Amino acid sequence: MKRIILLLSFIFLFNSCEPDGYNYRVDVLPVESVVIPTEFTLGETYQITMRYYRPTNCHSAYGIYYEKDLNIRTCAVKNLVEERGNCGTLENVLVEETFNFKVTNTGNYIFKFWTGEDADGNNTFMTYDIPVN
């Protein structure tokens with residue numbers, strides 16, 4: 001968990017640039033819902049889709065945060081944010097990010113999708129325990 005916070009801090013600290021006179025930063029956005037199989041087969045590859053809300057028209061897809069620790073996978077969505085004064089707020093714009101996952105181990109895989117922070121500032125997750133057949 002500490003590694004997630006440390007990585008997020010580094011992303012915010014070191015990912016800015018100034019092309020075209022604008023500043024950019026990388027935001028990690030909470031996952032709203034997930035499409036994931038209920039079971040895996042060893043050696044097969046599966047698509048996993050995360051859905052999230054894009055907050056402004058200054059946000060654009062920038063990949064997926066993906067951390068693995070044994071059979072635990074922690075995932076979130078990254079967006080590049082253009083810092084300019086005229087960003088418009090978007091309401092109910094649900095966006096999808098999909099990645100391929102190849103099953104290489106036996107036993108269950110635990111997928112943790114970051115959903116934000118609770119009132120105390122603790123990270124929250126949607127967790128899926130997927131068996132491998």
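In this text the structure is predicted, and so the values were computed from the model without any measurement. Computed from heavy atoms alone, side chains included, the values below leave out hydrogens, waters and symmetry copies.
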Counting only N and O atoms by type, is there a donor-acceptor contact under 3.5 Å from the side chain of [X] to the main-chain atoms of [Y]?
X: Asn71; Y: Thr106; answer: yes
X: Asp69; Y: Ile72; answer: no
X: Asn57; Y: Gly88; answer: yes

Would you name the heavy atoms of [X] and [Y] that are closest together and state the gap between them?
X: Val28; Y: Lys78; result: CG2-CG, 4.3 Å
X: Met50; Y: Ala76; result: CE-O, 3.6 Å
X: Asn108; Y: Val132; result: OD1-N, 4.2 Å
X: Phe101; Y: Ile48; result: CB-CD1, 3.8 Å
X: Gly43; Y: Lys102; result: O-CE, 3.7 Å
X: Pro30; Y: Gly116; result: CB-N, 3.9 Å

Say whether [X] and [Y] are linked into one hydrophobic cluster, either directly or through other cluster members, by side-chain heavy-atom distances under 4.5 angstrom.
X: Val77; Y: Tyr24; value: no
X: Tyr52; Y: Ile64; value: yes
X: Ile110; Y: Ile36; value: no
X: Leu42; Y: Ile130; value: yes
X: Val34; Y: Leu29; value: yes

Under 4.0 Å between a side-chain nitrogen and a carboxylate oxygen: does that hold for Glu32 and Arg51? no
Counterpart residues, side chain to side chain donor-acceptor pair (under 3.5 Å), relative to Thr98 (two or more places apart): Thr49
Applying ring-ring contact (aromatic ring centres under 6.0 Å, His included) between Phe99 and each of Tyr66, Tyr65, Phe113, report the one that passes. Tyr66
Nearest-0.5 Å distance that lies between atom [atom1] in [X] and atom [atom2] in [Y]:
X: Ser60; Y: Glu82; atom1: OG; atom2: CD; result: 8.0 Å
X: Leu90; Y: His59; atom1: CG; atom2: NE2; result: 9.0 Å
X: Leu80; Y: Cys58; atom1: CG; atom2: SG; result: 10.5 Å

Verify salt bridge (Lys or Arg N to Asp or Glu O under 4.0 Å) between Arg25 and Glu83, making sure each step is shown before the conclusion. CA-CA 8 Å; Arg25 71 176 191 276; Glu83 294 179 329; 2.9 Å; yes
Whether the Asp27 and Asn79 side chains hold a donor-acceptor pair (N or O, under 3.5 Å, no angle test) is what I'd like checked. no
Exercise: do Thr89 and Thr56 side chains pair donor with acceptor under 3.5 Å: no
Taking the side chain as every heavy atom from C-beta outward, state whether [X] and [Y] have any atom pair closer than 4.5 Å.
X: Tyr53; Y: Val95; value: no
X: Asn105; Y: Val103; value: no
X: Phe111; Y: Thr127; value: no

Under 6.0 Å between the ring centres of Tyr128 and Tyr109? no
On the six-membered ring of Phe125, is Lys112 placed so that its NZ or CZ lies under 6.0 angstrom from the centre and within 45° of the ring axis? yes
Set of side-chain contact (heavy atoms from CB on, under 4.5 Å) partners for Thr41, sequence neighbours left out: Glu44, Tyr46
Where do Asn133 and Phe40 land on the side chain to side chain contact (heavy atoms under 4.5 Å, CB included) test, with the steps shown first? CA-CA 6 Å; Asn133 297 321; Phe40 293 140; over 6 Å; no
Using the side chain to side chain donor-acceptor pair (under 3.5 Å) rule, pick out the option among Asn123, Thr74, Thr124 that qualifies with Trp114. Asn123
